[in-house]
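Start at 1 with the first residue, then count along the sequence.
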Amino acid sequence: MTVWTQSDPGRPAKLTRDAVVACAVDLADREGLDAVSVRRVAAELAARPMSLYSFFKRKDDLVDLMVDRVLGEMLMPGALPEDWRVALKAVLHRQIEVGRRHMWVMGVFGARAPIGPNAARHADQSLQAVAGLGLPPQRTLRLLRAVDTYLWGFVTLGAQEFATRQRDSLTEEEWKATTDAYFADLVATGDLPRLAEAGRPGLLRGGIEEWIANFDEGLDWLLDGFAASL
């Protein structure tokens with residue numbers, strides 16, 4: 001039985017599954033996913049650890065609930081633009097925007113199968129974004145799979161640097177300063193001429209503005225190729 005087929009048994013207003021998951025998400029935002037444990041979340045809620053097991057059976061279930069909560073935040077509010085490319089890009093930018101608030105989630109998607117209610121709503125919204133193309137369902141799904149693969153491959157690279165920064169307790173500014181110095185020393189020998197020519201982005205992610213610009217350019221290449229196949 002998965003967490004999605006278990007009912008929320010209900011508890012006093014202070015301790016609900018939603019409150020537990022919200023607390024776990026907040027903890028992961030502050031300290032990373034490794035800080036999330038049943039005991040730690042219970043302590044944050046001033047509750048007994050065993051009382052949380054009525055909402056899920058194991059930590060993996062809790063993480064699934066956390067991911068689905070974040071996917072709910074990733075839903076675009078209101079109606080989508082009519083142009084399929086504009087709509088799809090808006091959906092993807094929303095995912096990136098929310099993902100930046102919950103950086104831990106970027107490293108989770110590759111290891112889980114999000115099938116909760118918000119994941120279903122997100123899938124439906126993505127299908128709506130490209131519905132105007134009038135494609136057969138199978139081809140529509142292939143387009144969205146290609147876009148998702150591109151998105152999560154891209155953000156996984158960003159998550160790797162975030163995990164390193166968090167491990168070493170560095171701010172983004174401190175990380176950039178230390179890695180700038182490291183990169184300068186690395187290419188100063190002249191043994192890496194192509195990397196020196198490419199600059200820091202050849203090895204390390206740039207600032208968020210540069211990162212978004214790189215993402216958008218690659219996405220345009222992907223969508224241009226798909227549009228040419230229509």
So does Asp124 pair up with Arg121, basic N to acidic O under 4.0 Å?
-> no
Looking only at atom types and distance, does a side-chain atom of Ser51 sit under 3.5 Å from a main-chain N or O of Ala47, one as donor and one as acceptor?
-> no
Heavy-atom side-chain contact between Asp68 and Pro117 under 4.5 Å | yes
Mark yes or no for whether Glu174, through its side chain, and Thr171, through its backbone, hold a donor-acceptor pair below 3.5 Å.
-> yes
Does some side-chain heavy atom of Phe55 sit less than 4.5 Å from a side-chain heavy atom of Val38?
-> no
Whether His93 and Phe215 hold their rings parallel, tilted or perpendicular, with breakpoints at 30° and 60° = tilted
Is any side-chain heavy atom of Arg94 less than 4.5 Å from a side-chain heavy atom of Pro77?
-> yes
Identify, with sequence neighbours excluded, every residue that meets side-chain contact (heavy atoms from CB on, under 4.5 Å) alongside Asp180.
-> Lys176, Arg200
Parallel, tilted or perpendicular: rings of His102 and Trp104 (30°, 60°) | perpendicular
Is it true that Arg40 and Glu31 make a salt bridge, defined as a side-chain N closer than 4.0 Å to a carboxylate O?
-> yes
Heavy-atom check, side chain of Val36 versus side chain of Met66, under 4.5 Å = yes
All side-chain contact (heavy atoms from CB on, under 4.5 Å) counterparts of Ser229, not counting sequence neighbours | Arg139, Phe226
Any sub-3.5 Å donor-acceptor pair from Asp61's side-chain atoms to Phe56's backbone N or O?
-> no
Side-chain heavy atoms of Val98 within contact of Val105, under 4.5 Å = no
After noting the C-alpha distance and the side-chain angles of Asp224 and Arg85, does the key distance pass the salt bridge (Lys or Arg N to Asp or Glu O under 4.0 Å) rule?
-> CA-CA 10 Å; Asp224 284 346; Arg85 290 183 65 143; 2.8 Å; yes
Charged N to carboxylate O below 4.0 Å: is that the case for Arg39 and Glu44?
-> no
